[in-house]
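Read the structure below first, then the notes.
Computed from heavy atoms alone, side chains included, the values below leave out hydrogens, waters and symmetry copies.
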Amino acid sequence: YMKKYSLALVGATGLVGRTAIKVLEEFSLPLSKIVFFASEKSAGSKIKFNNDEYIVKELTDTSFDEGFDFAIFSAGSDVAKHFAPIAVSKGCTVVDNSSAFRMESNIPLVVPEVNSSELSNHHGIIANPNCSTIQAVVPLKVLDDKYTIKRIVYSTYQAVSGAGQKGVADLQNGLKGEEPKKFPYQIVNNCIPHIDVFLENGYTKEEMKMINETRKILNKPELKITATAVRVPVINSHSESINVEFEKDFDLKDLINSLKNANGIIVTDDPSKNIYPLATRASGHNEVFVGRIRRDESVESGINFWVVADNIRKGAATNAIQIVKKLIEIDK
């Protein structure tokens with residue numbers, strides 16, 4: 001006898017939603033019922049899941065009346081702010097992919113490999129971090145536990161799929177000479193140092209998300225972090241150059257072994273054979289790939305490393321589903 005659960009997938013026809021469907025098939029959670037929701041525009045379309053066909057339903061204020069154990073939201077902040085509280089009021093636990101609730105102090109911001117203990121303390125809503133933050137904190141947590149992080153410098157190389165289907169279309173159409181519709185400039189043959197909107201301090205919202213979310217997830221509100229986030233002409237998988245300074249000294253071999261032994265990390269690092277993490281390799285995988293691990297010789301105790309992960313899987317859909325899986329395990 002195994003307890004079964006009901007799940008609502010909100011935003012089922014978007015880029016993250018469609019990937020979530022694939023990941024749910026791979027994870028085969030104990031589900032008795034699954035319902036796919038989307039906007040009025042996509043309602044009525046068909047979705048295949050585990051060889052069955054489902055009709056996508058329109059998300060309305062009464063959608064959660066039938067009662068669900070869990071809902072995964074991948075439909076943006078406005079939708080989350082309106083519908084997540086409704087779902088919670090009907091006894092549903094929501095895992096939200098948007099930025100709507102991430103920085104709220106009473107809402108856990110969770111990456112299962114890093115801080116799943118936070119899950120025992122939710123009030124119905126759990127926030128999924130930003131894609132670029134998720135892949136960074138998986139190795140950073142391992143290193144912080146061992147060597148205590150003093151400062152982080154992020155430089156990101158983010159795929160167009162991070163901007164949804166319209167971002168992917170800009171790259172594909174740009175290759176045919178068409179004008180961009182999503183990005184402010186052509187992404188073909190270009191790097192755009194501008195993700196999300198610019199803020200008063202000269203940083204973009206994406207850069208500040210990484211800074212603030214990393215502090216919250218690592219539970220270090222004062223941690224010194226800076227970030228530059230760049231959109232690059234790659235379809236899928238974000239790459240990041242991360243520079244970290246530690247309080248404690250380290251042995252590089254030990255440090256690399258700690259990463260090798262960590263959950264959810266694949267160390268891909270052999271310069272003599274040109275082996276390092278690549279976007280093309282990470283796509284379609286749920287793990288975080290780490291390589292180019294080397295001492296930063298300009299500081300007392302620092303390293304540089306390169307981190308790559310599938311931003312639609314680990315950066316969004318997979319992380320949300322891993323949270324649901326953990327919640328089911330806790331429920332046993």
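- For the pair Arg151 and Phe246, the cation does not sit on the ring face, since its NZ or CZ is not both under 6.0 Å from the ring centre and inside 45° of the axis.
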Side-chain polar contacts of residues 22-31 - donor-acceptor pairs under 3.5 angstrom, sequence neighbours left out - could you list them?
from	atom 1	to	atom 2	distance (Å)
Glu25	OE2	Asn50	N	2.6
Glu26	OE1	Arg313	NH1	2.9
Glu26	OE2	Arg313	NH2	2.8

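- Through side-chain heavy atoms spaced under 4.5 Å, either directly or across other Ile, Leu, Val, Met, Phe, Trp or Tyr residues, Leu278 is tied to Tyr276.
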Check your understanding: Between Asn219 and Asn115, does a side chain to side chain donor-acceptor pair (under 3.5 Å) hold up when you go through it step by step?
Key -> CA-CA 9 Å; Asn219 199 11; Asn115 62 341; over 6 Å; no

Atom pairs and distances, side-chain donor-acceptor, residues 229-237, under 3.5 Å, sequence neighbours left out:
from	atom 1	to	atom 2	distance (Å)
Arg231	NH1	Ala159	O	2.7
Asn236	OD1	Ser161	OG	2.8
Asn236	ND2	Ser283	OG	3.3
Asn236	ND2	Asp310	OD1	3.1
Asn236	ND2	Asp310	OD2	3.2
Ser237	OG	Ala279	O	3.4
Ser237	OG	Ser283	N	3.3
Ser237	OG	Ser283	OG	2.9

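- Residue Ile195 belongs to no hydrophobic cluster, having no ILVMFWY side-chain heavy atom closer than 4.5 Å to its own.
- Not a single donor-acceptor pair under 3.5 Å links the side chain of Arg292 to the backbone N or O of Trp306.
- Every residue was checked against the ring-ring contact (aromatic ring centres under 6.0 Å, His included) condition with His82, not counting sequence neighbours, and none meets it.
- Residue pairs satisfying the salt bridge (charged side-chain N to carboxylate O under 4.0 Å, His left out) criterion with at least one member in residues 260-277, sequence neighbours excluded, are listed as follows: Asp270-Lys273.
- Screening residues 274-285 for salt bridge (charged side-chain N to carboxylate O under 4.0 Å, His left out) gives no qualifying pairs among residues at least two apart or on separate chains.
- Partners of Ser77 according to the side-chain hydrogen bond (donor to acceptor under 3.5 Å, both in side chains) rule, which considers only residues two or more places apart in sequence or in another chain, are Ser99.
- Aromatic ring pairs are classed by plane angle as parallel below 30°, tilted from 30° to 60° and perpendicular above 60°; the pair Tyr54 and Phe36 is perpendicular.
- With sequence neighbours left out, Lys33 forms a salt bridge (charged side-chain N to carboxylate O under 4.0 Å, His left out) with Glu66.
- Each side chain to side chain donor-acceptor pair (under 3.5 Å) pair with one or both residues in residues 193-205, not counting sequence neighbours, appears once here: Asp196-Lys209, Tyr203-Thr226, Thr204-Glu207.
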Donor-acceptor contacts, no H, no angles, side chain residues 103-113, under 3.5 Å, sequence neighbours left out:
from	atom 1	to	atom 2	distance (Å)
Glu113	OE1	Lys314	NZ	2.8
Glu113	OE2	Lys314	NZ	3.3

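- Sorted by first then second residue, the ring pair (Phe, Tyr, Trp, His ring centres under 6.0 Å) pairs that include residues 86-144, not counting sequence neighbours, number zero.
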